[in-house]
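When a ligand or atom number is given, it counts from 1 through the structure's own listing order.
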Amino acid sequence: MLSCVRWLQPLLALLSSTLVSCGNSCPPSCLCPDHHTVDCTGQGLTRLPDSIPLDVRRLLLSDNGIPWIPSDFLVLYSDLVYLDLRNNSLSRVEPGTLSTSSRLVFLDLGSNNLTEIPSGTFRDSRSLIKLRLGNNPYLSTVGTDAFSGLSSLRELELERNALSGLDVGVLSQLPSLRVLRLEGNPWVCNCNFAKLFLWLTENQHKLPTGLDGMECSLPVDGRQVDGRQVPLSMLSEDSFRECRGILTLTDYLVVIFSGICVSVAAIMASFFLACTVHCFQRWSKFTKSDKDDMDE
Ligand SMILES: *[C@@H]1O[C@H](CO)[C@@H](O)[C@H](O)[C@H]1NC(C)=O
Ligand SMILES: *[C@@H]1O[C@H](CO)[C@@H](O)[C@H](O)[C@H]1NC(C)=O
């Protein structure tokens with residue numbers, strides 16, 4: 001028993017010293033103002049720093065040139081609450097990167113080079129309250145389930161990206177949303193935009209500047225854009241009545257078609273009824289004459 005302890009001692013010492021050094025060391029060229037904060041802001045980093053303490057809660061990495069985050073980077077930092085990656089060169093967020101960050105409350109991916117927010121990116125980010133995705137000049141695609149799972153999200157920033165449209169379903173996945181920034185995007189006022197426009201007019205109180213900062217360009221013959229910008233505040237539901245026209249035409253077709261079906265069914269039913277009545281009459285006449293014959 002004693003020899004066993006003696007044999008284990010150096011191992012335990014090594015293990016505890018590694019743990020302690022992991023807990024206390026600060027990555028080179030970063031500052032660690034308190035036990036849970038690592039601040040590497042503006043250090044010209046072109047990759048993520050090594051040896052970040054495992055119990056980090058605030059990780060500040062803004063104003064660097066970090067081009068990507070490996071999808072398992074956050075696995076070790078399960079206490080992370082605040083992650084600032086603003087003003088880097090990120091072009092994508094690998095699926096699953098945030099799946100272990102269920103405590104993350106604040107995430108800043110603004111001023112990067114993101115092109116797409118794929119569906120499921122924030123599936124496990126149920127604690128996230130503020131998400132900044134603005135100023136990504138090539139960000140043109142937001143997946144239909146991109147924001148599902150963000151049940152606590154109150155503030156979403158998508159301003160000054162390259163969005164020409166946005167599925168309203170993406171926004172209705174956010175039950176706690178209070179503040180939404182969408183200004184400075186190249187919106188196109190086509191019929192797809194009509195639903196978003198309706199949502200925006202009904203949720204104007206969530207837009208910090210109302211509809212004022214938002215413009216859209218007018219489509220020409222449905223597809224091409226003629227570059228003329230119209231402030232959204234000058235549009236009304238009526239501006240999209242052509243789109244409603246398309247809808248009512250379909251509605252009319254459905255009504256006409258179901259009308260025809262009902263009439264055909266009614267004609268067939270009455271024909272069948274007439275046949276039955278006729279047959280019954282003939283049968284009763286026949287049995288009556290039979291009976292008369294038998295009586296004679
Ligand atoms: C972005 O980061 C660079 C350094 O990588 C810095 O020079 C620049 O001022 C930062 N931009 C903003 C808007 O903070
Ligand atoms: C950003 O992305 C665009 C195209 O996706 C590319 O042309 C450009 O070089 C990228 N910029 C940086 C700083 O990575």
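By heavy-atom distance, the residue among Asp63, Thr41, Asn87 lying nearest atom 10 (C) of ligand 1 is Asn87.
Residue Leu60 is tested with Leu31, Asp84, Leu85, Val38 for a side-chain contact (heavy atoms from CB on, under 4.5 Å); the sole match is Asp84.
Distance remark: protein heavy atom not present below 4.0 angstrom from atom 7 (O) of ligand 1.
For the residue pair Asn161 / Asn185, no side-chain donor-acceptor distance below 3.5 Å is found, with atom types taken as modelled. Using modelled atom types, one finds a donor on one side chain and an acceptor on the other under 3.5 Å when comparing Thr41 with Asp39.
Here the heavy atom of the protein found nearest to atom 2 (O) of ligand 2 is Asn113 ND2, 2.5 Å. The nearest protein atom to atom 5 (O) of ligand 2, hydrogens excluded, is given as Thr115 CG2, 4.1 Å; this is a heavy-atom distance.
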* To do: Could you give me the CA-CA distance, side-chain angles and deciding distance for Thr37 and Asp34, then say whether side chain to side chain donor-acceptor pair (under 3.5 Å) is met?
  => CA-CA 5 Å; Thr37 304; Asp34 63 63; 3.0 Å; yes

